[in-house]
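Notes for the one structure printed next.
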Amino acid sequence: MPKRAHLIAGILAPLCIATFFLATIGVELFGSREAVARLNSLIVTPGLWILIPTIAAAGGTGMFLGKTRNGRLVDAKKKRMPFIAPNGLLVLLPCAIVLNRWAAAGSFDITFCIVQAVELIAGATNLTLMGLNVRDGLRMVGRLRAAPPTVKVRRAVHAAFAEPRT
Ligand code: HEM
């Protein structure tokens with residue numbers, strides 16, 4: 001059950017962020033002010049109501065599954081969570097709420113643009129970190145091939161097993 005929940009949350013969370021991100025860029029470039037306001041409203045409701053619990057579920061179930069696992073990939077996934085969660089709660093959430101308020105009031109000034117840029121940067125950061133977590137998760141369950149060892153690792157292995165020169 002936690003495995004299934006982790007898979008669903010782990011796919012849904014980055015998918016949500018990617019949708020918000022692409023829709024925001026699209027509507028900012030080609031949409032009317034009404035469309036921008038409508039999208040910002042949809043990002044808050046139902047968007048955030050889906051995104052925030054999904055990030056929490058991905059992190060929570062991940063930590064649960066990670067209790068019985070160790071290794072480089074689990075460690076890397078754990079280390080990314082202290083960036084993903086606060087970025088979602090302390091940056092994306094407040095940005096989305098104020099942008100929605102300002103857009104509904106028709107206030108598209110320079111502050112709106114700055115906060116919009118901050119939201120896009122935070123969204124891109126979380127998308128990257130979550131994407132890396134998806135990649136490492138898929139590698140852990142064998143759905144994705146592991147990366148070949150780096151030159152450094154190859155050299156270390158070679159040095160460890162090479163015949164000593166006489
Ligand atoms: C937003 C953050 C995360 C995302 C998007 C994510 C995504 C994924 C995905 C897509 C899988 C593959 C699941 C499958 O194919 O069955 C996976 C597996 C896994 N993840 Fe995460 N993950 C996240 C956070 C974490 C964290 C914080 C941990 C804790 C270390 C973790 C531990 C694991 C483990 C142990 C597996 C293997 C599960 C198994 O054995 O079936 N994940 N993750």
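Atoms within each ligand, like the ligands themselves, are counted from 1 in listed order. The chain is numbered in sequence order, starting from 1. Only a predicted model underlies this, so the values are computations on that prediction, with no experimental measurement involved.
- Listed by number with element, the atoms of ligand 1 under 4.0 angstrom from any heavy atom of Leu65 are 35 (C), 38 (C).
- Lys78 NZ: more than 12 foreign heavy atoms inside a 6.0 Å radius.
- Within ligand 1, the atoms closer than 4.0 Å to a non-hydrogen atom of Arg143 are 14 (C), 15 (O), 16 (O), numbered from 1 in the order shown.
- What sits closest to atom 5 (C) of ligand 1 on the protein, heavy atoms only, is Gly10 O, 3.3 Å.
- Contact atoms of ligand 1 toward Val141: 14 (C), 15 (O), 37 (C), 38 (C), 39 (C), 40 (O), 41 (O) (distance under 4.0 Å to a heavy atom of the residue).
- Among protein heavy atoms, atom 40 (O) of ligand 1 sits closest to Arg69 NH2, 2.4 Å.
- Atoms of ligand 1 lying under 4.0 Å from at least one heavy atom of Val74, given by number and element, are 30 (C).
- Side-chain heavy atoms closer than 4.5 Å link hydrophobic residues (I, L, V, M, F, W, Y) into clusters, and following such links, even through other members, never connects Leu93 to Ile50.
- Distances below 4.0 Å separate heavy atoms of Met63 from the following atoms of ligand 1: 28 (C), 29 (C).
- Considering Pro2, Ala58, Ala57 only, the shortest heavy-atom separation from atom 1 (C) of ligand 1 involves Ala58.
- A donor-acceptor pair under 3.5 Å is formed between the side chain of Asn40 and the backbone N or O of Val36.
- Here the heavy atom of the protein found nearest to atom 8 (C) of ligand 1 is Lys77 NZ, 3.3 Å.
- Residue contacts with ligand 1: Lys78 is placed with no nitrogen or oxygen under 3.5 Å of a nitrogen or oxygen of the ligand (distance criterion only).
- Checked by atom type and distance alone, the side chain of Ser41 never pairs as donor or acceptor with a backbone atom of Ala37 at under 3.5 Å.
- Annotation for Arg135: atom CZ counts as buried by contact number, over 12 foreign heavy atoms lying within 6.0 Å.
- Scanning the protein for heavy atoms near atom 2 (C) of ligand 1, the closest one is Asn133 ND2, 3.3 Å.
- Put simply, the side chain of Leu51 reaches to within 4.5 Å of the side chain of Phe20, judged on heavy atoms.
- In terms of protein heavy-atom proximity, atom 13 (C) of ligand 1 is nearest to Leu7 CD1, 3.6 Å.
- The local environment of CG in Asn70 is sparse, with at most 12 non-hydrogen atoms from other residues, nucleotides or ligands closer than 6.0 Å.
- The closest side-chain heavy-atom distance from Val91 to Glu119 is not below 4.5 Å.
- Atoms of ligand 1 found under 4.0 Å from any heavy atom of Met140, numbered from 1 in the order shown, are 34 (C), 35 (C), 36 (C), 37 (C).
- Atom NE2 is the N/O/S atom of His6 found closest to atom 21 (Fe) of ligand 1.
- Nearest protein neighbour of atom 26 (C) of ligand 1, counting heavy atoms only, is Gly62 CA, 3.7 Å.
- Taking backbone and side chain together, Gly137 holds no N, O or S atom under 2.8 Å from atom 21 (Fe) of ligand 1.
- Residues Leu65 and Met140 form no side-chain contact, since every pair of their non-hydrogen atoms from C-beta on lies 4.5 Å or further apart.
- Of the protein's heavy atoms, Met81 CG, 3.1 Å lies nearest to atom 27 (C) of ligand 1.
- Interatomic distance, Leu127 CG to Leu120 CG, rounded to the nearest 0.5 Å: 11.5 Å.
- Side-chain contact between Met130 and Ile55 is present, with at least one heavy-atom pair separated by less than 4.5 Å.
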